[in-house]
S.K.: 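The structure follows.
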Amino acid sequence: MGEILKIFGKRLRSLRRAKDMTQEQVAERAGLSLQSVGEIERGRGNPTLVNVERLSEALSVELTELFDLGDVKMTREQAVQEILARLEGATEEQVRALLTMVRVLIQK
């Protein structure tokens with residue numbers, strides 16, 4: 001059972017970061033303690049359904065989006081394959097923009 005908590009926590013963290021929110025902001029909006037949000041994100045907290053609903057509202061996402069765990073469980077190889085597949089349909093401008101982002105994210 002602990003594995004699902006870790007996966008859910010990673011998904012929560014991913015959504016929070018995508019919204020450019022801090023744990024403090026999510027905790028305040030959800031009516032939870034900062035400690036609770038941190039524990040959930042680390043896979044150590046087991047949120048109730050009511051708190052999961054509060055978290056989805058705090059992040060302004062549908063409940064189903066919180067449980068879309070596919071990208072979290074994806075292996076590195078699967079992620080690379082999906083990136084390559086998506087690049088096939090990208091415009092030249094999109095490819096250059098992505099290259100710039102990759103260079104920023106992965107600096108040697």
Side-chain angles (χ1 to χ4, degrees):
M1 179 156 139
E3 187 64 22
I4 189 66
L5 294 176
K6 289 178 185 175
I7 293 168
F8 182 82
K10 286 181 182 179
R11 178 65 177 162
L12 177 63
R13 179 180 293 129
S14 174
L15 289 171
R16 175 181 60 77
R17 288 180 175 169
K19 299 277 186 173
D20 199 28
M21 293 176 69
T22 64
Q23 286 183 342
E24 292 89 353
Q25 290 169 320
V26 171
E28 184 177 320
R29 289 183 185 183
L32 301 173
S33 71
L34 174 60
Q35 180 180 354
S36 292
V37 173
E39 287 178 355
I40 294 167
E41 283 192 2
R42 288 188 300 280
R44 295 184 182 150
N46 190 356
T48 65
L49 289 175
V50 171
N51 287 345
V52 170
E53 182 179 41
R54 289 177 177 172
L55 289 166
S56 75
E57 290 171 359
L59 292 167
S60 300
V61 299
E62 296 292 325
L63 274 172
T64 54
E65 195 170 349
L66 266 177
F67 289 99
D68 183 6
L69 307 177
D71 62 330
V72 176
K73 293 181 83 171
M74 188 179 287
T75 66
R76 181 187 185 282
E77 291 76 22
Q78 290 170 324
V80 168
Q81 289 302 317
E82 182 174 338
I83 290 167
L84 293 174
R86 290 180 181 267
L87 282 173
E88 292 288 326
T91 66
E92 187 175 331
E93 183 180 339
Q94 289 171 322
V95 170
R96 276 187 285 197
L98 285 169
L99 178 58
T100 300
M101 287 187 267
V102 169
R103 285 177 175 159
V104 169
L105 287 172
I106 306 170
Q107 298 178 1
K108 291 186 178 186

S.K.: Between Glu24 and Thr22, is any side-chain donor less than 3.5 angstrom from a side-chain acceptor?
M.R.: yes
S.K.: Holding to side-chain contact (heavy atoms from CB on, under 4.5 Å), I want the full list of residues that pass it with Glu28, two or more places apart in sequence or in another chain.
M.R.: none
S.K.: When you group the ILVMFWY residues by side-chain heavy-atom contacts below 4.5 Å and let the links chain together, are Val102 and Ile83 in the same group?
M.R.: no
S.K.: Could you pull out the closest heavy-atom pair between Leu59 and Lys19, with the gap in Å?
M.R.: O-CE, 3.0 Å
S.K.: Considering all heavy atoms of both residues, which atom of Leu34 and which atom of Gln23 are nearest to each other, and what is their separation?
M.R.: CD1-CB, 3.5 Å
S.K.: Rounded at 0.5 Å granularity, tell me how far CG in Leu12 sits from CZ in Arg42.
M.R.: 11.5 Å
S.K.: Apply side-chain contact (heavy atoms from CB on, under 4.5 Å) to Glu82 and list each qualifying residue two or more places apart in sequence or on a separate chain.
M.R.: Met74, Arg86
S.K.: Report, as yes or no, whether the 6.0 Å neighbourhood of atom CG on Leu49 holds more than 12 heavy atoms from other residues, nucleotides or ligands.
M.R.: no
S.K.: Quick one: are Gln81 and Glu77 in side-chain contact, heavy atoms under 4.5 Å?
M.R.: no
S.K.: State whether the side chain of Arg44 and the backbone N or O of Glu39 hold a donor-acceptor pair below 3.5 Å, judged by distance alone.
M.R.: no
S.K.: Count the heavy atoms belonging to other residues, nucleotides or ligands that lie under 6.0 Å from CD of Glu57, then report whether that count exceeds 12.
M.R.: yes
S.K.: Quick check: closest heavy atoms across Leu66 and Val52, and the distance to 0.1 Å?
M.R.: CD1-O, 3.6 Å
S.K.: Considering non-hydrogen atoms only, spot the tightest contact between Leu5 and Pro47 and give its length.
M.R.: CD2-CD, 4.4 Å
S.K.: Could you grab the distance from atom CD of Gln94 to atom CG of Leu98, nearest 0.5 Å is fine?
M.R.: 7.5 Å
S.K.: Which heavy atom of Val61 sits nearest a heavy atom of Glu65, and at what distance?
M.R.: CB-OE1, 3.5 Å
S.K.: Atom CD in Glu41, atom CZ in Phe8: separation rounded to 0.5 Å?
M.R.: 10.0 Å
S.K.: With a 4.5 Å limit on heavy-atom distance, are the side chains of Ile40 and Leu55 in contact?
M.R.: yes
S.K.: To check you understand the geometry: which heavy-atom pair defines the closest contact between Ala90 and Val95, and what is its length?
M.R.: CB-CG2, 3.8 Å
